[in-house]
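Before any comments, here is the structure.
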Amino acid sequence: MSESLVPPNIWYEGLARYQQRGMAHVLATVVAVNGSAPRALQAKMIITQDGIVDTLGGGGLEHDVITTARQLLSGEISTTVSKQVKPKISEANETSASAPSKAVRRDAVYTKHYPLGAKLAQCCGGSVTVMFECFNVTPPMSVLVFGAGHVASALMTILAELPCQVDWVDSRPEMFERYLIDKTNSSETGQAGNSAYQNPTPNQSQLYQLPRHIRPHIDDDPVDFVRPFIEQGGQRFILVMTHDHSVDFELVRAALDTISDICLADSKRSDISLPYIGCIASSTKAKRFRDRLIQRGYSEQLVNQLIMPIGLPIGGKEPMAVAVSIAAQLLQRYHQVAL
């Protein structure tokens with residue numbers, strides 16, 4: 001089984017994986033212990049909406065910790081509950097075993113006190129306080145990048161350090177050769193069928209010296225990636241920067257067509273937000289694209305969804321300078337929506 005498909009067993013492995021992938025998760029830590037308890041001070045576990053990593057001792061305590069963490073991820077815990085005062089550790093004893101546990105909110109950090117008695121069906125007799133730290137509750141930034149040229153390569157250096165999900169598409173296998181872990185086999189894998197390159201899944205992406213959240217794809221028809229990507233919903237960013245202007249145009253058209261269809265069915269799929277569509281271009285290319293789109297019947301309002309030229313106007317034409325301007329624009333848009 002590929003390493004990327006093996007579930008983590010230790011809390012810090014899960015924390016690293018979910019942080020890197022931008023997945024919403026909670027780090028639950030035992031921050032106080034009084035008397036007997038299943039785990040020692042600073043024991044930790046990770047909880048996501050559909051999984052857990054490590055343990056705080058099992059039983060009723062862990063069941064409530066998991067439930068509480070998932071309520072925090074989904075926003076189900078109300079502010080009135082969050083403002084209740086946590087009892088002092090010295091006040092927790094067997095006589096308080098029937099007292100309800102209470103949560104306190106400090107931004108994305110919560111604490112909850114647990115008397116380990118009859119209420120939790122645990123006979124430890126002590127008590128623990130658990131701190132819940134919520135990470136990446138906002139949906140992660142999902143980026144679809146077309147083209148593996150100089151600017152895209154520079155952009156990956158930046159995106160490698162950010163919590164996001166990146167699908168990187170190009171029709172040319174040789175553009176990804178520099179990232180191969182075992183370049184001695186590149187001549188074989190790059191021949192008929194391009195078996196090592198064709199649409200790498202997360203486990204196949206381990207052939208490359210790229211973070212797990214950056215997934216390379218080799219495909220002769222990149223347009224096929226556009227609609228499924230947008231229809232997944234959430235905050236979506238499409239970057240068009242291939243080596244072929246005609247391919248760029250067809251990718252832009254596919255994105256605008258998908259947006260048009262979504263707007264028509266908005267009442268049925270209200271969970272889909274309009275994506276960011278950026279295309280690298282000179283002012284001349286931008287004008288030509290806009291004129292052609294209008295001539296083909298696209299409304300001016302729809303064409304205005306296209307960001308072209310791409311990136312913030314911060315100056316500089318070097319690949320890394322352009323990449324920085326693009327990354328800055330993505331983060332600006334992402335955090336504006338997130339707020």
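For reference, positions follow the sequence shown, starting with 1. Note that the coordinates shown come from a computational prediction; the quantities given were computed from them, not determined experimentally.
At a threshold of 4.5 Å between non-hydrogen side-chain atoms, the residues Pro275 and Ile259 count as touching. In this structure, Ile238 and Ile230 have side chains that are in contact, with non-hydrogen atoms separated by less than 4.5 Å. Side-chain atoms of Leu73 and Val26, non-hydrogen and from C-beta on, do get closer than 4.5 Å to each other. Residues Arg227 and Asp261 have side chains in contact (heavy-atom distance under 4.5 Å, counting atoms from C-beta outward). Two residues are said to be in side-chain contact when any heavy atoms from C-beta on lie closer than 4.5 Å; Val109 and Met131 meet this criterion. Inter-residue side-chain proximity for Tyr18 and Pro8 is flagged as met; some heavy-atom pair is nearer than 4.5 Å. Taking the side chain as every heavy atom from C-beta outward, Arg39 and Leu61 never approach each other to under 4.5 Å. In this structure the side chain of Leu15 reaches within 4.5 angstrom of the side chain of His25, judged on heavy atoms.
Rounded to the nearest 0.5 Å, atoms CD (Gln19) and CD1 (Ile46) are 8.5 Å apart. Between Thr242 atom OG1 and Asp248 atom CG the span is 3.5 Å, to the nearest 0.5 Å. Once rounded to the nearest 0.5 Å, the distance linking CD1 of Ile66 with CG of Asp64 reads 9.5 Å. The CD1 atom of Ile326 sits 8.5 Å away from atom CD1 of Ile158, with the distance rounded to the nearest 0.5 Å. Here the straight-line distance linking atom CG of Leu330 with atom SG of Cys164 works out to 9.0 Å at 0.5 Å rounding. The CD1 atom of Ile310 sits 7.0 Å away from atom CD1 of Ile280, with the distance rounded to the nearest 0.5 Å.
Put simply, the residue from Val145, Val151, Ile277 that forms a side-chain contact (heavy atoms from CB on, under 4.5 Å) with Leu239 is Val145.
Applying the side chain to side chain donor-acceptor pair (under 3.5 Å) test to pairs two or more places apart or on separate chains, those with a residue in residues 156-169 are Asp167-Arg215, Asp167-His217. For residues 238-257, every residue pair satisfying the ring pair (Phe, Tyr, Trp, His ring centres under 6.0 Å) rule, not counting sequence neighbours, is listed here: Phe249-Phe289. A side chain to side chain donor-acceptor pair (under 3.5 Å) check over residues 48-59, counting only residues at least two apart or in different chains, returns the pairs Thr48-Asp50, Thr55-Glu62.
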task = Output, in order, the C-alpha distance, side-chain angles, deciding distance and verdict of side-chain contact (heavy atoms from CB on, under 4.5 Å) for Tyr114 and Val30.
result = CA-CA 10 Å; Tyr114 293 94; Val30 175; over 6 Å; no
message = Apply side-chain contact (heavy atoms from CB on, under 4.5 Å) to residues Ser127 and His113 and explain how you reach the verdict.
response = CA-CA 7 Å; Ser127 65; His113 182 71; 3.5 Å; yes
task = Would you check, one step at a time, whether the test side-chain contact (heavy atoms from CB on, under 4.5 Å) holds for Thr111 with Phe132?
result = CA-CA 6 Å; Thr111 58; Phe132 299 81; over 6 Å; no
query = Passes side-chain contact (heavy atoms from CB on, under 4.5 Å), Cys279 versus Met241? Steps please.
reply = CA-CA 6 Å; Cys279 184; Met241 49 180 73; over 6 Å; no
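Put simply, the side chain of Ser260 never gets that close to the backbone of Leu256: no donor and acceptor are under 3.5 Å apart. With hydrogens and angles disregarded, a donor-acceptor distance shorter than 3.5 Å links the side chain of Arg290 to the backbone of Met308. Distance alone, capped at 3.5 Å, places no donor-acceptor pair between the His150 side chain and the Glu318 backbone. Between the side chain of Asn304 and the backbone N or O of Glu300, at least one donor-acceptor pair lies under 3.5 Å.
A search for side chain to side chain donor-acceptor pair (under 3.5 Å) contacts involving Arg172 returns Asp170, not counting sequence neighbours. Every side chain to side chain donor-acceptor pair (under 3.5 Å) that Arg253 has, sequence neighbours left out, goes to Tyr298. Judged as a side-chain contact (heavy atoms from CB on, under 4.5 Å), and not counting sequence neighbours, the contacts of Val223 are Asp221, Glu250, Leu251, Ala254.
Asp244 and Ser246 are linked by a side-chain donor-acceptor pair at a separation below 3.5 angstrom, with hydrogens and angles left out of the test. Between the side chains of Thr129 and Lys112, no donor N or O sits under 3.5 Å from an acceptor N or O. Judged purely by distance below 3.5 Å, without hydrogens or angles, the side chains of Ser74 and Glu76 pair a donor atom with an acceptor atom.
Nearest heavy-atom pair across Pro211 and Ala160 is CG-CB, 3.7 Å. Nearest approach of Gln329 to Ile307, heavy atoms of both residues: OE1-CG2, 3.7 Å. Considering every non-hydrogen atom in both Pro309 and Ala281, the closest pair reads CB-O, 3.4 Å. Heavy atoms only, all atoms of each residue included: Ala321 and Gly315 are closest at CB-O, 4.2 Å. Of all non-hydrogen atoms in Cys134 and Leu72, the two that sit nearest each other are SG-CB, 3.8 Å. In terms of heavy-atom proximity, Ile47 sits nearest to Met45 at CD1-CG, 3.8 Å.
A single hydrophobic cluster is seen to contain both Tyr179 and Val166, as judged by linkage of ILVMFWY side chains at heavy-atom distances under 4.5 Å, directly or through other members. Linking Ile, Leu, Val, Met, Phe, Trp and Tyr whenever their side-chain heavy atoms come within less than 4.5 Å leaves Met156 and Met175 in two separate clusters.
Less than 6.0 angstrom separates the ring centroid of Phe237 from the ring centroid of Tyr276.
The side-chain tip of Arg236 points at the ring of Phe229 from less than 6.0 angstrom away and within 45° of straight on.
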